[in-house]
Amino acid sequence: MTLTLRSSASFINLKDTTKSLKTPADYMSGTICFARTKPSCRTRVIRNSVQEAVHEPSFSKAPSVMEGYRRSEKPEQLHALSGGHSMENNAKVPVFVMLPLDTVTQGGKLNRPRTMNASLMALKGAGVEGVMVDAWWGLVEKDGPLRYNWEGYAELVQMVQKHGLKLQVVMSFHQCGGNVGDSCSIPLPPWALEEIRKNPELVYTDRSGRRNPEYISLGCDSLPVLAGRTPIQVYNDYMRSFRDRFKDFLGEVIVEIQVGMGPCGELRYPSYPESNGTWSFPGIGEFQCYDKYMRTSLQAAAEARGKSDWGTSGPHDCGQYNQFPEDSGFFRRDGTWNSEYAKFFLEWYSGKLLEHGDRILLAAKGIFQGTETKLSAKVAGIHWHYRTRSHAAELTAGYYNTRHRDGYLPIARMMGKHGVVFNFTCMEMKDREQQGNAESSPEGLVRQVKMATRSARTELAGENALERYDASAYGQVLKTSRSDSGNGLCAFTYLRTNKKLFEAENWRNLVYFVTSMSEGGRDTNKLLERGSSGSNVYVGYLKEKTVKDVIEVVIV
């Protein structure tokens, strides 16, 4: 759910100064000019009729892991948790901003460095804590196994340090492209794709045999299927290379490593892929357990249970990607989702996901231990069909969350065991904004996750799921950031830097949001009140006859 920046937009530094940072010669080739005339906090837009010419943004089951979770849970864990540890965080909540998906080019260079420099300058002036960037496996290890190119990221790290900002880095072991908001394509490394071509069973597969190349199937985590290395070894080597390359910045500039564990970097199965029109909102999705490695695991689990016939396939009556729960025998109100067989299957399916996360986070913990860099992991905000009994869309994604069972508490406990921050999305959404037939409740889902992380004594961080710039969405984040009900947020990352963010009204809302978060979100009406009363900050675009994609900000 992301948007990439393809325009040559540039932004202002809000600190007063008395002289230009650029000479007239720097205007050429889309370079930014900052003209300052006198110390004032008021700026005005200079915008002409050909602004539209500026480029638009293109937009065998491991008992040691699972049994530990089951011993600490009630068989029928309700969503409303009580007691537990409260992660009080009503003081400052640091705000980070995601950088464009294509921050580093296919050639491994920093994309549009002058624009990036100006962007970071403006964000620092707005009071944000730092920025987030995806470190794509498909770019860094593109040239062959164990051949890493971190140079584009090294340039970014130095630029971030120069502006006094912090950096969150995502270890992105997934493909970019094919999901909500993906507007550029960054596939897995060519050598990994060659292994997949030779053995298509390496990727997730649905009941119809449709393969998904977004991420390597967790079914082969411990098998040497990637040029002699296991996927877990590949991820370990990648993270170790990152640590060694950036050891002088860890804990100082690079303050967080978010460990990717599935499609979109989230701990989940690719149950709702948008590519080629496979899925569209609010479809229930499909189980992704039909590659040979997952089938072998399922068969072994069924035989261990003394029910070998349960291991031949996933549920036969679970419907198709774009259907609704009531369209299927499995997910409907009184369907088979609550049968003995379904409980076995869903425990296995969600348990494999937990084991996958546990393996990767254990490795990451060992690699980054002692660097004073936080680790985090992301869980998807699957809010559609949340009001139904079966929670179908969550089940197909691997979250065993139903009317009678809390699917997020085991995930929170697993992350808490490793000291990893639980990163969750859809923090900006309101129930009343959702499509009626989707049975959505993002607010209910967020409340449940806040309570689960509180009970597990695990830190919680947040993101917005969709591109939103309005005061209402920011106000909702302020509301959910508090610890009045469950955990408060330890940090929030805003999606995402692009040209639209720096338009006058949108920029004004961001600045007030960051200020409000720094005050603990105690006054959720503050943003709305200020947003309607005008602002001193305006940002605009200027198109000169002899200059293309030039931005000039004049302080008056």
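Since the model is a prediction, treat every value here as computed from it, not as a measurement.
- Atom-to-atom distance recorded for M116:CE and L123:CG is 9.5 Å, nearest 0.5 angstrom.
- For K109, the NZ atom sits in a loose shell: 12 or fewer heavy atoms of surrounding residues, nucleotides or ligands are nearer than 6.0 Å.
- Listed for the T105 side chain is a donor-acceptor partner under 3.5 Å among the backbone atoms of G107.
- With hydrogens and angles disregarded, no donor-acceptor distance shorter than 3.5 Å links the side chain of E214 to the backbone of H174.
- With sequence neighbours excluded, the residues satisfying side-chain hydrogen bond (donor to acceptor under 3.5 Å, both in side chains) with E194 are R197.
- Note that the CZ atom of R457 and the CZ atom of R454 stand 10.0 Å from one another [nearest 0.5 Å].
- The backbone N or O of H356 sits nowhere less than 3.5 Å from a side-chain atom of D221 that would complete a donor-acceptor pair.
- In this structure, M132 CE and E256 CD are separated by 5.5 Å, a value rounded to the nearest 0.5 Å.
- Partners of A392 by side chain to side chain contact (heavy atoms under 4.5 Å, CB included), not counting sequence neighbours, listed by chain and number: I284, P325, F331, S390.
- Interatomic distance, CG of N149 versus CD of E141, reported as 11.5 Å (0.5 Å rounding).
- A side-chain donor from one of N322 and S280 sits under 3.5 Å from a side-chain acceptor of the other.
- Minimum interatomic distance between L165 and V253 (heavy atoms only, all atoms of both residues): O-CG1, 4.1 Å.
- With hydrogens and angles ignored, the 3.5 Å screen pairs a side-chain donor or acceptor of R496 with a backbone N or O of L99.
- Taking the six-membered ring for Trp and thresholds of 30 and 60 degrees, F242 and F246 have ring planes inclined between 30 and 60 degrees apart.
- W279 and W384 have tilted rings, their planes meeting at an angle from 30° to 60° on a 0 to 90° scale.
- Residues passing the side chain to side chain contact (heavy atoms under 4.5 Å, CB included) test with S217, sequence neighbours excluded: Y204, D291, M294.
- To the nearest 0.5 Å, atoms OG1 (T296) and CD (E201) are separated by 9.0 Å.
- Side chain of K124 to main chain of G164: a donor-acceptor pair is present (N/O by atom type, distance under 3.5 Å, no hydrogens or angles).
- The side-chain contact (heavy atoms from CB on, under 4.5 Å) test with V131 is passed by exactly one of V169, T493, V160: V160.
- Residue H391 is tested with Y400, Y399, Y386 for a ring pair (Phe, Tyr, Trp, His ring centres under 6.0 Å); the sole match is Y386.
- Taking the six-membered ring where tryptophan is involved, the planes of F345 and F287 are perpendicular, since the angle between them exceeds 60° and thus also 30°.
- In terms of modelled atom types and a separation under 3.5 Å, the side chain of Y290 and the main chain of G314 share a donor-acceptor contact.
- In this structure, R207 contributes its side chain and H316 its backbone to a donor-acceptor pair below 3.5 Å.
- Side-chain N or O atoms of S455 include none that pairs as donor or acceptor with a backbone N or O of M451 at under 3.5 Å.
- Side chain of E274 to main chain of Y272: no donor-acceptor pair is present (N/O by atom type, distance under 3.5 Å, no hydrogens or angles).
- No donor-acceptor distance shorter than 3.5 angstrom exists from the side chain of W136 to the backbone of D102, with no hydrogens or angles considered.
- Of the inter-residue distances, the one linking T278 atom OG1 with D206 atom CG reads 8.0 Å to the nearest 0.5 angstrom.
- Just one of R413, E394, K450 meets the side chain to side chain donor-acceptor pair (under 3.5 Å) condition when paired with Y408; it is E394.
- Classified by interplanar angle (parallel below 30°, tilted 30° to 60°, perpendicular above 60°), the ring pair F424/F422 is tilted.
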